[in-house]
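Worksheet: one structure, shown below.
Keep in mind that the numbers below use all heavy atoms, side chains included, and drop hydrogens, waters and symmetry copies. In what follows, every chain begins at residue 1, and chains take the letters A, B, ... in the order their sequences are listed.
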2 protein chains.
Amino acid sequence: MAKSGSPSKVREGGDARSVETRRALTAAAIATLQEDGYAGASARAIAERAGSNQGLVFYHFGSVANLLLAALDAVSSQRLEHYSAAIERTGSLEELVDAATAIFQEDLDAGYVTVLAEMIAGASSTPGLGSEVATRIGPWTDFAQRAIDDALGSSPLASVLPSRDVAYGIVALYLGLEMLSHLDGDRAPALALFAHAKRIACLFSTLSGVSPRTEAT
Amino acid sequence: MAKSGSPSKVREGGDARSVETRRALTAAAIATLQEDGYAGASARAIAERAGSNQGLVFYHFGSVANLLLAALDAVSSQRLEHYSAAIERTGSLEELVDAATAIFQEDLDAGYVTVLAEMIAGASSTPGLGSEVATRIGPWTDFAQRAIDDALGSSPLASVLPSRDVAYGIVALYLGLEMLSHLDGDRAPALALFAHAKRIACLFSTLSGVSPRTEAT
DNA sequence: GTCTATACTTGGATAGAC
DNA sequence: GTCTATCCAAGTATAGAC
């Protein structure tokens with residue numbers, strides 16, 4: 001599950017040293033995307049951070065873009081696993097919003113979504129990268145949809161607001177909030193929104209608990 | 001109103017030829033950001049598109065980053081003016097959503113928001129660019145807030161959901177939707193969301209019209 | 001004042017060393 | 001199989017031509 005569809009020309013086997021080199025380069029690629037963005041994620045910048053020779057990027061991954069995709073894969077699988085665990089412990093809509101808020105803060109602290117945002121924006125510069133990145137976003141939308149379905153699958157709201165569409169919007173909103181928060185180094189406005197969402201979620205569950213006859217149950 | 005705070009070292013006066021060169025470079029910068037992204041927006045790439053010598057970028061704008069900021073300024077002022085005109089003709093919440101939908105499609109077609117998204121993402125790579133870009137997003141959030149205030153200033157919803165926070169969320173969502181739509185070349189999911197928003201807006205205005213006594217008017 | 005030719009730096013990729 | 005030394009293209013910036 002950790003390595004989904006690894007892009008072409010990536011060396012996979014090899015001895016321990018090879019594995020360690022790839023691990024170091026992947027970690028450095030993540031850090032570089034977070035701190036210097038896509039435009040700053042050159043083979044040299046990444047290799048220097050990893051303490052490797054820049055040529056190793058091309059030997060092990062074939063191209064800078066492939067290394068960055070491997071970095072995105074690593075972040076995605078790690079995050080999705082964590083999200084799943086966090087969501088599994090939630091039952092109500094409020095708990096879901098609470099979990100989402102906590103996750104958003106974690107993501108912001110650790111810069112996980114920054115990696116995704118930089119890859120999406122950077123995809124414009126590198127031919128063929130767009131579809132690869134798009135493929136890797138699918139699981140995030142799928143995850144959001146599942147979370148929504150679990151939280152209000154039985155609610156009448158589900159029939160009027162298709163979870164697929166809402167999930168797409170949630171991913172987009174999450175992405176946008178991360179970019180804006182990251183840009184001006186102030187997460188307060190985004191957190192205020194999560195707080196409002198919490199309040200609405202409470203209101204909603206109260207309403208559907210108090211007067212379930214709105215839908216003639 | 002068109003040129004807000006032009007970044008330092010940008011040549012402003014000069015004869016007609018100078019003005020034309022700056023115009024061509026700015027237009028080319030916009031096109032390059034849209035098609036090749038921030039990482040692809042080098043002085044050479046932009047100048048080639050403009051039919052100019054790449055050295056002119058540095059003569060007229062001092063740096064590539066300054067030229068890109070000038071491009072962002074041009075797009076921002078142009079778009080905000082257009083948004084204002086479109087919003088001015090709307091009265092109800094439904095009409096506001098309709099206008100937003102039309103504008104979103106225009107923006108997607110012409111790649112206006114792409115310019116903003118690329119600049120936000122690219123800001124990570126260039127020291128000092130972040131705050132400049134952040135400054136230029138303020139007007140967009142201000143605009144969204146005004147539109148919201150105008151549409152439901154008198155509604156009880158306004159007191160429970162501060163327009164400033166909602167405006168921030170709208171800008172973030174708009175940004176995220178643009179990035180995702182642009183990435184996989186499919187605007188259908190985003191448009192589906194706008195359609196749902198329209199439906200909710202209708203529902204909302206119907207409710208507040210039918211039972212205005214919720215707030216003891 | 002405007003622009004071009006040139007200097008120098010950084011980046012992607014590979015031929016060849018180990 | 002793994003990695004380094006090296007090559008050449010692309011990038012920024014400016015000195016000097018007009």
Side-chain angles (χ1 to χ4, degrees), chain A residues 7-26 28-29 32-33 35-71 118 122-129, chain B residues 7-26 28-29 32-33 35-71 118 122-129:
Chain A
S8 48
K9 209 182 165 188
V10 175
R11 228 159 272 267
E12 300 237 338
D15 62 19
R17 188 163 47 143
S18 171
V19 172
E20 167 56 17
T21 300
R22 284 199 297 268
R23 193 207 53 75
L25 284 175
T26 307
T32 307
L33 277 174
E35 290 175 32
D36 303 332
Y38 185 90
S42 68
R44 292 185 128 92
I46 295 169
E48 184 178 15
R49 197 186 287 265
S52 305
N53 184 292
Q54 61 85 26
L56 291 176
V57 167
F58 302 95
Y59 171 67
H60 285 292
F61 297 91
S63 69
V64 175
N66 271 354
L67 168 54
L68 297 178
L69 282 173
E118 288 293 333
S124 306
S125 338
T126 309
L129 189 55
Chain B
S8 49
K9 209 185 165 187
V10 175
R11 229 160 270 267
E12 300 238 338
D15 64 17
R17 188 162 49 142
S18 171
V19 172
E20 167 55 19
T21 301
R22 284 200 297 267
R23 194 209 52 75
L25 284 174
T26 307
T32 307
L33 277 173
E35 290 175 32
D36 303 332
Y38 185 91
S42 69
R44 289 185 129 90
I46 295 169
E48 185 178 15
R49 198 186 286 265
S52 305
N53 184 291
Q54 59 88 25
L56 292 176
V57 168
F58 302 95
Y59 172 67
H60 285 292
F61 296 91
S63 70
V64 176
N66 271 354
L67 168 55
L68 297 178
L69 282 173
E118 288 293 333
S124 307
S125 336
T126 308
L129 189 56

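- For the pair B/L129 CG and D/dT12 C1', the computed distance is 16 Å after rounding to whole Å.
- The nearest whole Å value for the distance from the CZ atom in A/F61 to the P atom in D/dC3 is 11 Å.
- Of the side-chain N and O atoms in A/Y59, one or more sit less than 4.0 angstrom from OP1 or OP2 of D/dT2.
- At a cut-off of 3.5 angstrom, counting only N and O atoms as typed in the model, there is no donor on one side facing an acceptor on the other between the side-chain of B/R17 and the base of C/dG1.
- Between B/G40 and B/A45, the shortest heavy-atom contact is O-CB, 3.5 Å.
- The distance from atom CZ of A/R11 to atom OG of A/S18, rounded to the nearest 0.5 Å, is 8.0 Å.
- For B/R44, counting side-chain heavy atoms from C-beta on, the closest listed nucleotide (C/dT2, D/dT12, D/dA13) is D/dT12.
- Atoms CZ (B/F58) and C1' (D/dG11) sit 8 Å apart, rounded to a whole Å.
- For C/dC3, the OP1/OP2 oxygens have a side-chain nitrogen or oxygen of B/H60 closer than 4.0 Å.
- Distance B/I46 CD1 to D/dA10 C1': 14 Å, rounded to the nearest Å.
- Using a 3.5 Å distance cut-off with no hydrogens or angles, the side chains of A/T21 and A/R17 do not pair a donor with an acceptor.
- Per the geometry, CD belonging to A/E48 stands 13 Å off C1' belonging to C/dG11, to the nearest Å.
- For the 3.5 Å distance criterion, the side chains of B/E118 and A/S124 qualify, holding a donor opposite an acceptor.
- The side chain of B/L56 approaches C/dC3 more closely than any other nucleotide in the set D/dC3, C/dC3, D/dA13.
- Spacing between atom CG of B/N53 and atom C1' of D/dA15 amounts to 13 Å, rounded to whole angstrom units.
- The side chain of B/D15 lies closest to C/dT2 when the candidates are D/dA13, C/dA13, C/dT2.
- When distances are taken from the side chain of B/T21 to each of D/dC3, D/dG11, C/dC3, the shortest belongs to C/dC3.
- Side-chain proximity of A/S42 to C/dG11, C/dG1, D/dA13: nearest is C/dG11.
- The side chain of B/S63 approaches D/dA13 more closely than any other nucleotide in the set C/dG12, D/dA13, D/dT2.
- Going from atom CD of B/Q54 over to atom P of C/dC8 covers 16 Å, rounded to whole Å.
- Contact between the side-chain N/O atoms of A/S18 and the OP1/OP2 oxygens of D/dT2 is found at a separation under 4.0 Å.
- B/G14 comes within 4.0 angstrom of the backbone, heavy atoms only, and of no base.
- Counting non-hydrogen atoms under 4.0 angstrom, B/V64 reaches the backbone sugars and phosphates but no base.
- Separating the OH atom of A/Y38 from the C1' atom of C/dG11 is a distance of 13 Å, rounded to the nearest angstrom.
- Within 6.0 Å of atom CD in B/E48, 12 or fewer heavy atoms from other residues, nucleotides or ligands are found, so the atom counts as exposed in its surroundings.
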